[in-house]
Amino acid sequence: MWLKIFMGIIASSGVWLMGFSIFGKKKHFDNMPIGFTFNLFELIFDLIYNFSPTLIKRLLVFLIGLVTSFIFIMGIIYS
């Protein structure tokens, strides 16, 4: 049961992230800090995110939220 609650919290944070990508202000996207990279995928993602216009940044954040919420909702269904 606690696993489903935990997955629900993370899935709702993915939905919140999708909402932020749609309704967030431009200055929040331009000033959003990106952490350290530990592998090649994160390095490529950070480079794309840092050197892209705001529309692409919004799309990338939306996709991260979509994937996060989808994975954890499937975890709730199958657990």
Side-chain angles (χ1 to χ4, degrees):
M1 171 160 162
W2 289 106
L3 180 64
K4 287 186 179 184
I5 292 172
F6 179 69
M7 285 185 182
I9 292 170
I10 294 177
S12 63
S13 68
V15 172
W16 179 85
L17 193 60
M18 289 189 298
F20 175 72
S21 70
I22 294 171
F23 300 113
K25 295 181 180 178
K26 182 181 178 194
K27 71 173 187 173
H28 291 212
F29 279 97
D30 292 337
N31 296 331
M32 187 182 299
I34 299 295
F36 296 108
T37 59
F38 294 110
N39 58 24
L40 184 62
F41 176 74
E42 291 177 2
L43 178 66
I44 293 170
F45 182 82
D46 288 347
L47 288 174
I48 291 172
Y49 188 84
N50 286 333
F51 296 116
S52 63
T54 306
L55 182 64
I56 304 298
K57 290 179 184 180
R58 287 181 188 266
L59 182 64
L60 290 173
V61 171
F62 184 84
L63 288 176
I64 288 174
L66 182 69
V67 168
T68 302
S69 62
F70 178 75
I71 288 172
F72 284 100
I73 287 174
M74 288 295 117
I76 291 170
I77 291 171
Y78 289 123
S79 66

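Atoms considered below: every heavy atom in the structure, side chains included; atoms not considered: hydrogens, waters and symmetry mates.
Separation of atoms CD1 (I64) and CG (L59) is listed at 10.0 Å; rounding is to 0.5 Å. From L63, atom CG reaches atom OG1 of T68 across 10.5 Å, with rounding to the nearest 0.5 Å. To the nearest 0.5 Å, atoms CZ (F29) and CD1 (I56) are separated by 12.5 Å. Separation of atoms NZ (K57) and NE2 (H28) is listed at 13.5 Å; rounding is to 0.5 Å.
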Listing, residues 70-77 side-chain donor-acceptor contacts under 3.5 Å, not counting sequence neighbours, or none:
none

Let me have the donor-acceptor pairs involving side chains of residues 35-49, under 3.5 Å, with sequence neighbours excluded, atom names and distances please.
{"residue": "N39", "atom": "OD1", "partner": "F41", "partner atom": "N", "Å": "3.4"}
{"residue": "N39", "atom": "OD1", "partner": "E42", "partner atom": "N", "Å": "2.9"}
{"residue": "E42", "atom": "OE1", "partner": "F38", "partner atom": "N", "Å": "2.9"}

Donor-acceptor pairs are to be reported for all side-chain atoms of residues 19-27 against protein atoms at under 3.5 Å, with residues two or more places apart or in another chain.
{"residue": "S21", "atom": "OG", "partner": "M18", "partner atom": "O", "Å": "2.6"}

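Among residue pairs with one or both ends in residues 2-21, none qualify as salt bridge (Lys or Arg N to Asp or Glu O under 4.0 Å); sequence neighbours excluded. Applying the salt bridge (Lys or Arg N to Asp or Glu O under 4.0 Å) test to pairs two or more places apart or on separate chains, none has a residue in residues 63-76. Within the structure, the salt bridge (Lys or Arg N to Asp or Glu O under 4.0 Å) test picks out no pair touching residues 68-79 (sequence neighbours left out).
Linking ILVMFWY side-chain heavy atoms closer than 4.5 Å, directly or via other members, places M7 and Y78 in two distinct hydrophobic clusters.
Taking all atoms of both residues into account, the shortest heavy-atom contact from L3 to S79 is CD2-CB, 4.5 Å. The shortest non-hydrogen separation linking A11 to S69 is O-CB, 3.6 Å.
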